[in-house]
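Written out below as structure tokens is the structure these notes cover.
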Amino acid sequence: MNRNIHSTASSSKPNSVRIQRPRSEVDSNPEPASGAYGSSDTLVYTRKKRLKQEALEKDSQLCGLPDIEEFAFKKNTTSSKRSTTETNINVASSARTAGRSTETNITVTPAKTAGNAPENWVQVLEGIRQMRSSGDAPVDSMGCDKAGSFLPPSERRFAVLLGSLLSSQTKDQVNNAAIHRLHQKGLLTPEAIERADESTIRELIYPVGFYARKATYMKKIAKICLEKYSGDIPSSLDDLLALPGIGPKMAHLILHIAWNDVQGICVDTHVHRICNRLGWVSRPGTKQKTSSPEETRVALQQWLPKEEWVAINPLLVGFGQTICTPLRPRCEACSVAKLCPAAFKEASSPSSKLKKSKRSKEL
């Protein structure tokens with residue numbers, strides 16, 4: 001896809017999220033207006049409209065292409081007793097082999113018991129933190145936590161909800177630009193979204209992934225927020241999951257950012273990939289890799305201390321954007337490669353192959 005992108009670098013760092021902060025504080029103490037759109041640090045993108053894009057999207061659905069996970073999220077309606085705590089998914093005793101996660105209503109059969117963490121995970125995590133200390137990844141300046149940071153609390157929460165919805169299957173740079181265009185047109189409130197034509201919304205958020213479908217979801221979400229939540233957004237996990245297009249990853253992210261409520265880890269494709277490469281997670285009862293971000297979330301929460309649940313997402317997302325990339329991971333530049341079971345086993349970059357060939361010649 002050809003896009004003309006013009007940007008100026010932003011040096012803002014990701015905002016830290018405080019756990020279990022009372023909502024009264026959230027409303028009375030809005031976060032500082034940092035990174036406001038229209039400032040000198042704003043990233044502005046222009047794009048070239050692709051003709052017949054909507055027709056192509058419809059064709060892709062007819063061809064049976066895989067859908068994105070959030071849109072395919074369905075609650076498990078099987079009757080079973082929920083766990084008494086939302087954050088403790090571990091088995092309470094050896095006699096109890098399955099429980100139900102309150103966050104996502106799925107049946108869980110833990111692969112690891114409480115405290116059975118992977119070897120050297122603390123050392124690996126610290127190494128990744130050091131590699132990420134420069135804050136040069138797109139998520140650091142254009143992540144969903146930056147959406148509407150200059151707005152009043154309730155409006156900012158709605159902007160975070162929109163930013164999370166648009167982020168699926170979309171790079172941070174493209175998502176950030178879409179939020180910027182919506183802000184320029186005054187469309188970061190549920191009232192404005194409900195009044196706007198769907199075609200106008202589609203035009204403004206293009207070229208985010210599945211932009212036509214997301215425009216429809218934005219209209220539906222705005223109506224729900226106005227009718228059920230007086231213009232604010234849901235504050236519970238179940239209510240967020242009931243919104244069109246919102247899946248577990250987005251719901252946990254929105255709770256983290258909008259409500260400072262930590263009930264689970266936000267696991268996207270980067271966190272899912274890296275946790276499997278490091279051997280941190282596995283499918284229940286096996287040593288096989290987890291097959292979905294949601295499986296990874298459940299497995300990761302069984303041993304990762306809760307104080308790391310918020311930080312792990314931006315940490316691994318940035319690591320995945322800069323070093324542990326989906327294709328040709330830069331293992332030669334990774335300081336924890338010696339502790340990674342997948343190091344140098346996947347297709348690597350030409351530079352790393354050259355270095356390896358030089359080493360073999362020297363030997």
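Position 1 is the first residue of the sequence; numbering continues from there.
Atom CD in Gln288 sits 9.0 Å away from atom OG in Ser282 (nearest 0.5 Å). The CD1 atom of Ile193 sits 8.0 Å away from atom NZ of Lys219, with the distance rounded to the nearest 0.5 Å. Taking CZ from Arg213 and CG from Leu165, the interatomic distance works out to 11.5 Å, rounded to the nearest 0.5 Å. The distance from the CG atom of Asp268 to the OG1 atom of Thr296 is 10.5 Å, given to the nearest 0.5 Å. For the atom pair CG of Leu161 and CD1 of Ile257, the computed distance is 11.0 Å after rounding to the nearest 0.5 Å.
Under the side-chain hydrogen bond (donor to acceptor under 3.5 Å, both in side chains) criterion, Ser291 pairs with Glu295, sequence neighbours left out. Among residues two or more places apart in sequence or in another chain, the salt bridge (charged side-chain N to carboxylate O under 4.0 Å, His left out) test is passed with Glu308 by Arg129. Residues passing the side-chain hydrogen bond (donor to acceptor under 3.5 Å, both in side chains) test with Ser164: none are found, sequence neighbours excluded. With sequence neighbours excluded, the residues forming a side chain to side chain contact (heavy atoms under 4.5 Å, CB included) with Ser167 are Cys144, Asn175, Lys249, listed by chain and number. With sequence neighbours excluded, no residue satisfies salt bridge (charged side-chain N to carboxylate O under 4.0 Å, His left out) with Arg273. Under the rule for a side chain to side chain contact (heavy atoms under 4.5 Å, CB included), the partners of Lys228 that lie at least two apart in sequence or sit in another chain are Ile224.
When atom types are taken as modelled, the side chain of Lys146 and the backbone of Asp140 share a donor-acceptor pair closer than 3.5 angstrom. Between the Trp259 side chain and the Pro234 main chain, a donor and an acceptor come within less than 3.5 Å of each other. Between the Gln173 side chain and the Pro138 main chain, no donor and acceptor come within less than 3.5 Å of each other. Using modelled atom types, no side-chain atom of Ser154 and backbone atom of Asp232 make a donor-acceptor pair closer than 3.5 Å.
For the salt bridge (charged side-chain N to carboxylate O under 4.0 Å, His left out) with Glu346, the lone residue among Arg328, Arg277, Arg330 that qualifies is Arg277. Of the candidates Ile233, Ile221, Ile254, Ile221 is the only one forming a side-chain contact (heavy atoms from CB on, under 4.5 Å) with Leu243.
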Begin with the C-alpha distance, continue with both residues' side-chain angles, and end with the deciding distance and a verdict on side chain to side chain contact (heavy atoms under 4.5 Å, CB included) for His256 and Val262.
CA-CA 6 Å; His256 291 182; Val262 182; 4.0 Å; yes

Under the side chain to side chain contact (heavy atoms under 4.5 Å, CB included) rule, what do Arg157 and Tyr229 come out as? Steps first, then yes or no, please.
CA-CA 12 Å; Arg157 288 192 285 269; Tyr229 304 101; over 6 Å; no

Side chain to side chain contact (heavy atoms under 4.5 Å, CB included) between Trp280 and Leu125: does it pass, once the steps are laid out?
CA-CA 11 Å; Trp280 282 3; Leu125 198 59; 3.9 Å; yes

Carefully, step by step, assess Glu294 and Val267 under the rule side chain to side chain contact (heavy atoms under 4.5 Å, CB included).
CA-CA 7 Å; Glu294 184 57 11; Val267 176; over 6 Å; no

Could you tabulate the donor-acceptor pairs under 3.5 Å formed by side-chain atoms of residues 310-322, not counting sequence neighbours?
{"residue": "Asn313", "atom": "ND2", "partner": "Cys266", "partner atom": "O", "Å": "2.8"}
{"residue": "Gln321", "atom": "OE1", "partner": "Val139", "partner atom": "N", "Å": "3.1"}
{"residue": "Gln321", "atom": "NE2", "partner": "Asp172", "partner atom": "OD2", "Å": "2.9"}
{"residue": "Thr322", "atom": "OG1", "partner": "Gly318", "partner atom": "O", "Å": "2.8"}

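The shortest side-chain heavy-atom distance between Asp261 and Ser235 does not fall under the 4.5 Å cut-off. Residues Trp309 and Leu304 form a side-chain contact, since some pair of their non-hydrogen atoms from C-beta on lies under 4.5 Å apart. Using a 4.5 Å heavy-atom threshold, the side chains of Met218 and Leu166 count as touching. For the pair Pro248 and Leu241, the minimum side-chain heavy-atom distance is below 4.5 Å. The side-chain heavy atoms of Val160 and Asp145, taken from C-beta on, include no pair separated by under 4.5 Å. Two residues are said to be in side-chain contact when any heavy atoms from C-beta on lie closer than 4.5 Å; Leu237 and His252 meet this criterion. Inter-residue side-chain proximity for Ile128 and Ile323 is flagged as unmet; no heavy-atom pair is nearer than 4.5 Å. A 4.5 Å side-chain heavy-atom check between Ser168 and Lys214 finds at least one atom pair inside the cut-off.
Phe158 and Leu226 sit in two unconnected hydrophobic clusters of ILVMFWY residues. Membership requires side-chain heavy atoms under 4.5 Å apart, directly or through other members.
Pairs of residues two or more places apart, or lying in two chains, that qualify as salt bridge (Lys or Arg N to Asp or Glu O under 4.0 Å) and include a residue from residues 186-198 are Glu198-Arg202.
The shortest heavy-atom contact between Pro244 and Lys220 is CG-CB, 3.9 Å.
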